[in-house]
There are 2 protein chains.
Amino acid sequence: MVTIRDVAQEAGVSPATVSYALRGDPRIRPETAEQVLKAARKLHYTVNLTAKNLRTGRTGIIGLALYELNLPYTASLVSAITNEADRRGLQVLAQQTGYTREGESAVFRNVTNQFCDGTIFAASHLSNDDLLTLSQGKPIVLLDDRTPPSERAFDTVLSVGAEGVREATELLMRQGARRIAVLGADRMSPEQARGLHTVTARRLTGFFEALASGSSSPTDETAEAAGFLPCTWSSEAARTTIIDAVRGGARFDALLCMTDLVSMGAVRGLTDCGLSVPDDVKVIGVDGIHETAYTVPSLSTVAVDFQDLARKALDLITSRIDAIASGEADDPGLPPRTLTADFTVIERESTGGQG
Amino acid sequence: MVTIRDVAQEAGVSPATVSYALRGDPRIRPETAEQVLKAARKLHYTVNLTAKNLRTGRTGIIGLALYELNLPYTASLVSAITNEADRRGLQVLAQQTGYTREGESAVFRNVTNQFCDGTIFAASHLSNDDLLTLSQGKPIVLLDDRTPPSERAFDTVLSVGAEGVREATELLMRQGARRIAVLGADRMSPEQARGLHTVTARRLTGFFEALASGSSSPTDETAEAAGFLPCTWSSEAARTTIIDAVRGGARFDALLCMTDLVSMGAVRGLTDCGLSVPDDVKVIGVDGIHETAYTVPSLSTVAVDFQDLARKALDLITSRIDAIASGEADDPGLPPRTLTADFTVIERESTGGQG
DNA sequence: ATGAAAGCGCTAACAT
DNA sequence: ATGTTAGCGCTTTCAT
């Protein structure tokens, strides 16, 4: 391994000068710097980040802890965040927590606290207090934090919420839906939805808003909620839930699905029951995963702008890391910030649009 | 930050003793070790991996360089490899190279050589010589290495090849297919296929084998190759290729698709042309990505056993890392090894089976 | 403008 | 059975 000393010797200067020159410190005379650079290139020198990190206390690695890596949505997240990190000269260590409290805290113990300057985290079982303890003072950015805005303890970036789902619901109504069932959410009143801050609650708020404003508009007919069909956000759960619902006599002409995986399962279940999408039932989902474009029928969706989300998450975390590095350890610092990722409603065949 | 010295002081021993005790070195008396452990717990001590790494020259991080992270197949790879690494106390740094030579070598320069003890790599543009230079002596395990077995310079684990595709083709024939077109592969003779060692060539070899053995069996009719429809392995490319082929008068009653994403696009394209799967055309793919179970119709596939693949890749790389650590630097060491991941043929609706 | 020197926290000879 | 010591490669005062 070629070290800074080798370069120093080659260039006829001291290791300190090499260190400065390599990072473009203005104190080094241009000609000297040039010598150093030449020597470094000649010897194929690369910094040893481990040594640098030991010295500086930073690793340049951002942890990314998600419930599961093998899902189209999380794969998009990993991809977008890795790209954006790369652009900033950072690395990403992705972990899966497996929906368990144990898995989540293990990630902090074994990974974040060891390797990472900070962590982007989709929490499910850990409270803010748990996180405060586990994070050991390192920054955390939450993905879709579910604590009420007033009680937030961490920066967070939110994916599609009320606004996106309101537009989705309006699209369904515009296409003639009159009885819209919600798939993938527990029954909730508009008041409850507004009081809670889970992803589901935020999305349902948009659903209720659309319904409410629709009924006050001068359309001849008006749409109504045709019930809640709770299920986990997997295609399998969605499929069986829909089959049971249809066999149980549920009546709806449209399905608002909480995610795209749910809408894929829904279409599959509807097909199993001999129902046609979009003729008998219109379907829309949320997330904007890639495969929605190629299913039969193609699926309408509220697509998260993953690049925007990644950018926001990294802005948030790097600003915290920098703040800590510049010695604001016990400083109260910036208050927790909440950012929302952009989205686009994509209209496809499942709501009666073009493929 | 609490260091090994703090623990030493608390336990009334030397830092070295703490280091030994913490790693269960038998030289330390049990009672002493107990004292140390208690002190460490009391102070919430955790090793500083950066320091440990600087000292030992290992990081416990495995690089994973794939052309693209946001694909169902690669997401499965990331997930399985991360899980398996976790089980072995290792971390995974996933990177996307973006199909470019530049991206591939950048990963080595910026990531692997800095952070990783070794890299699991899906190469496309780099030659063995390039890799030898870039790897700087750190182990590399290739995914689906395309160099001929006799010229292999690295360990590799192969995904589905001839065997899996032979079984897939046989399934198609058993279901009555007589004119099987191949989607996602360039035209190739059986001899060419056997001489090349790309994923495509290995798979085509299986296709030709099935065709050849089928014609010598006592079936009344015999299947034949109905042409090659080259396209990249994306749903979009598959879809447009199929549409063009059908409009151009191509005649086939079955499609052997090189990947599942290709078969998803194929079904979509066939549907666009008013053809039905499996009635008009039977379709099978390769990979075993999750979403094939929920499409309409559900897709038959040759499913890679991702866990098995991950296990094999990590066995390979850890054995190399350990060999290097135990001082066999310039040793010729083990010759390059080739392992093949297990697979299962899954029969679903697209070949006329159950959903 | 550059160099000397002191560590960052840990491990592994080597000494006791 | 445990302690002393010498670094791993780098950055960063502090001298010169």
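So that the names make sense, note that chain A is the first sequence line, chain B the second, and so on, each numbered from 1. This is a predicted model, so every value here is computed, not measured. Just so you know, these numbers use all the heavy atoms, side chains as well, and skip hydrogens, waters and symmetry mates.
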Participant: More than 12 heavy atoms of other residues, nucleotides or ligands under 6.0 Å from CZ of B/R5: is that the case?
Facilitator: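 At most 12 heavy atoms, drawn from other residues, nucleotides or ligands, come within 6.0 Å of this atom.
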Participant: Rounding to an integer number of Å, can you tell me how far A/N48 CG sits from D/dG7 C1'?
Facilitator: 14 Å
Participant: Using whole Å, what does the distance between atom P of nucleotide C/dT11 and atom CG of B/N53 come to?
Facilitator: 10 Å
Participant: For the residue pair A/Y67 and A/Y73, is the inter-centroid distance of their aromatic rings smaller than 6.0 Å?
Facilitator: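 Centroid separation for A/Y67 and A/Y73: 6.0 Å or greater.
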Participant: Quick one: is D/dC8 close enough that its OP1 or OP2 comes under 4.0 Å of any side-chain N or O from A/R55?
Facilitator: no
Participant: Give a yes or no on whether a salt bridge exists between B/E34 and B/K38, defined as a side-chain N under 4.0 angstrom from a carboxylate O.
Facilitator: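 Not counted as a salt bridge, because no side-chain N and carboxylate O are separated by less than 4.0 Å.
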Participant: Can you check whether B/L132 reaches B/F154 side chain to side chain, under 4.5 Å on heavy atoms?
Facilitator: yes
Participant: Looking at C/dT11, I'd like to know if its phosphate oxygens (OP1 or OP2) sit under 4.0 Å from a side-chain N or O belonging to B/T56.
Facilitator: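 No, B/T56 has no side-chain N/O under 4.0 Å of OP1/OP2 on C/dT11.
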Participant: Start with the C-alpha gap between A/I120 and A/I317, add the side-chain angles, then the distance that decides, and say whether side-chain contact (heavy atoms from CB on, under 4.5 Å) holds.
Facilitator: CA-CA 8 Å; A/I120 298 174; A/I317 205 144; 4.1 Å; yes
Participant: B/L22 has an atom CG; how far is it from atom P of C/dG9, in whole Å?
Facilitator: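 So the two atoms are 16 Å apart, to the nearest Å.
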Participant: Check the distance between C/dG9's P and B/L43's CG and give it to me in whole angstrom.
Facilitator: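 So the two atoms are 14 Å apart, to the nearest Å.
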Participant: Starting at atom CE of A/M1, determine the distance to atom P of D/dC8, rounded to an integer number of angstrom.
Facilitator: 12 Å
Participant: Below 3.5 Å between N/O atoms, which protein atoms pair up with nucleotides 1-5 of chain C? Just atom names and distances, please.
Facilitator:
unit_1	atom_1	unit_2	atom_2	d
C/dA1	O3'	A/R29	NE	3.4
C/dT2	OP1	A/R29	NE	3.4
C/dT2	OP1	A/R29	NH2	3.1
C/dT2	OP1	A/T32	OG1	2.5
C/dT2	OP2	A/R29	N	2.6
C/dG3	OP2	A/S14	N	2.8
C/dG3	OP2	A/S14	OG	3.0
C/dG3	OP2	A/T17	OG1	2.3

Participant: In whole angstrom, give the distance that lies between atom CG of A/L54 and atom P of C/dT11.
Facilitator: 12 Å
Participant: What is the distance, rounded to the nearest whole Å, between atom CG of B/D25 and atom C1' of C/dA12?
Facilitator: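 Nearest whole value for this atom pair: 10 Å.
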Participant: Does the separation of the ring centres of A/F108 and A/F121 fall below 6.0 angstrom?
Facilitator: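 They qualify: ring centres under 6.0 Å apart.
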Participant: Taking atom types as modelled, is there a side-chain donor on A/D322 or A/S319 under 3.5 Å from an acceptor on the other?
Facilitator: no
Participant: For B/R5 and D/dT4, give me the distance from atom CZ to atom P, rounded to whole Å.
Facilitator: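 To the nearest whole Å, that distance equals 11 Å.
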Participant: Out of D/dC10, C/dC10, C/dC8, which nucleotide sits closest to the side chain of A/V47?
Facilitator: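 The listed nucleotide nearest to A/V47's side chain is D/dC10.
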